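Structure record follows, encoded as C-alpha cells.
Residue numbers begin at 1 in each chain, while the letters A, B, ... track the order of the sequences. These numbers were taken from a predicted model, which means no experiment stands behind them.
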There are 2 protein chains.
Amino acid sequence: MTMLPHQITLANDLATAGHRLTAARRRVADLIGARDGHFTAAELLADARARRLKIGRASVFRTLDLLTELNVLERVDLPTGEHAYVACRPAHHHHVICRVCGQVAEVDDAGLDDVAAEMERRTGFEIDTHRLELYGRCPACRTERAR
Amino acid sequence: MTMLPHQITLANDLATAGHRLTAARRRVADLIGARDGHFTAAELLADARARRLKIGRASVFRTLDLLTELNVLERVDLPTGEHAYVACRPAHHHHVICRVCGQVAEVDDAGLDDVAAEMERRTGFEIDTHRLELYGRCPACRTERAR
DNA sequence: GTTTTTGCAAACCATTTGCAGGGTC
DNA sequence: GACCCTGCAAATGGTTTGCAAAAAC
C-alpha cells in the first residue's frame, strides 16, 4: 500500500536476472520511474519522444514484457479497456487505482481469500487464480474540492 | 450463479430500449445464445461464417457494444489479454471462469464489499468500483480425470 | 417518409516479427 | 568472440469509421 520509487530496482532486477543491462532498457526503466501511477506503452513512447530519447517502439514493448515476466511490473486492464502497467513489488497482489490522477496503491489480500473460498463453495468451481482491481479516488484527489 | 439461456432476453432488451430489432442484431443474439461460457468477437464472427449467416464484421462489433451498454453482456479480460464477452444479468456480480472449457458462472458479492471497505480504510482511497474475475475449473472439468 | 442500421472497405491503433548491425558480457 | 539486444520497417490482428444503400418504425 505504498508508492515507492522503483527505477533503481528495475535496473537491478534486469541485471540480476541474467539479462543485459542495455541503454534502451535503462531508459525504459527511467521513464517508468519518472511516472507515478499507471501508464500505457503509448504513454511511455510519448515520454521518450518528448525527451528525445532514442528508443525503438519494439524495444519499449519488449522491455515491458520482460519486466512483467520479472514481476516488477504488472499489467492491469482499465475499465476503459486500455492496457496499462503499474510498477510493483513481486509479491503483492491487488491494485487500487485512482480514476482522477492514475495513482496506484497496492493492497494485500485483506480477506479476499476467504471470499474466494466462499465463491468456490457456492459454484463448485475449483478456483486457482483471481484478479481484483479497484477504482476510486486517492486521498489527494478526494480532498481536492468536492467535485 | 446460474447459466441461463439469454437469447430471448437479448432480443427483448434491444427492442424495449428503443433500438431497432433488425435481422443482424437478432442473428448476433442467436449466436450468443448458442454459445455457453465466454466468447470473443472473433469467435462469434467465425460462428456466423460457419452458419453462412450474412453479418458484417462491423455489425457484430456494434451489436456487442450495444448489448454491453444495455448490461446484458459484460466484457471480461482473460488472463491471456484477450477480450471476451459473457452474457449475464444486469446486476452487480462477478464471474468465475473455467480455464478449461470457458464455462462461466456468476456469483454475487459474497463478502467482497467488506473486503473493499477494508482496503478503503487501509489506503485512504475512496473506492467506488471494483472488478473481480476468478479463474479455475468448473465442476465438470474438475472430475474429468485428475489432469 | 424519416431515421436508424447495415455491409463493405478502408482506416486505425496497438503490438509483434524478421533481420542485419551494434553492444554487452 | 559469441550471443543478446536494438532499431527499423513491414506484417499482423483486432476494432473503428465513412458512406451509400436497405430496413425499421
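The distance from atom CG of B:L66 to atom P of D:dT15 is 17 Å, rounded to the nearest whole Å. Atom NE2 in A:H83 sits roughly 12 Å away from atom C1' in C:dC13 (whole-Å rounding). Atom NE2 of A:H19 is separated from atom P of D:dT6 by 11 Å (rounded to the nearest Å). Across the protein-nucleic acid pair, A:F61 atom CZ and D:dA11 atom P stand 18 Å apart, rounded to whole Å. Protein atom CD of A:E69 is 11 Å distant from nucleotide atom P of D:dC5, rounded to whole Å. For the pair B:D65 CG and C:dT5 P, the interatomic distance rounds to 13 Å; values are reported in whole Å. Put simply, CG on A:L21 is 12 Å from C1' on D:dC5, counting in whole angstrom units. The interatomic distance linking A:F39 (CZ) with C:dA14 (P) rounds to 16 Å, in whole Å.
With hydrogens and angles ignored, no donor-acceptor pair closer than 3.5 Å exists between the side chain of B:R62 and the base of D:dT16.
For A:H130 and B:H94, the gap between ring centers reaches or exceeds 6.0 Å.
Each of B:A23 and A:G56 was assigned the nucleotide of DNA chain D with the nearest heavy atom; the assignment lying further toward the 5' end belongs to A:G56. Mapping B:R57 and B:A24 onto DNA chain C by nearest heavy atom places B:A24 closer to the 5' end of the strand.
With hydrogens and angles ignored, the 3.5 Å screen pairs a side-chain donor or acceptor of A:T63 with a backbone N or O of A:S59. Looking at B:E120, its side chain does come within 3.5 Å of a backbone N or O of B:I127 through a donor-acceptor pair.
Between atom CG of residue A:D65 and atom CZ of residue A:R75 there is a gap of 8.0 Å, rounded to the nearest 0.5 Å.
Residue A:T22 places no side-chain N or O under 4.0 Å from the OP1 or OP2 atom of C:dT24.
Note on B:A41: only backbone sugar-phosphate atoms sit closer than 4.0 angstrom, heavy atoms only; bases stay farther off.
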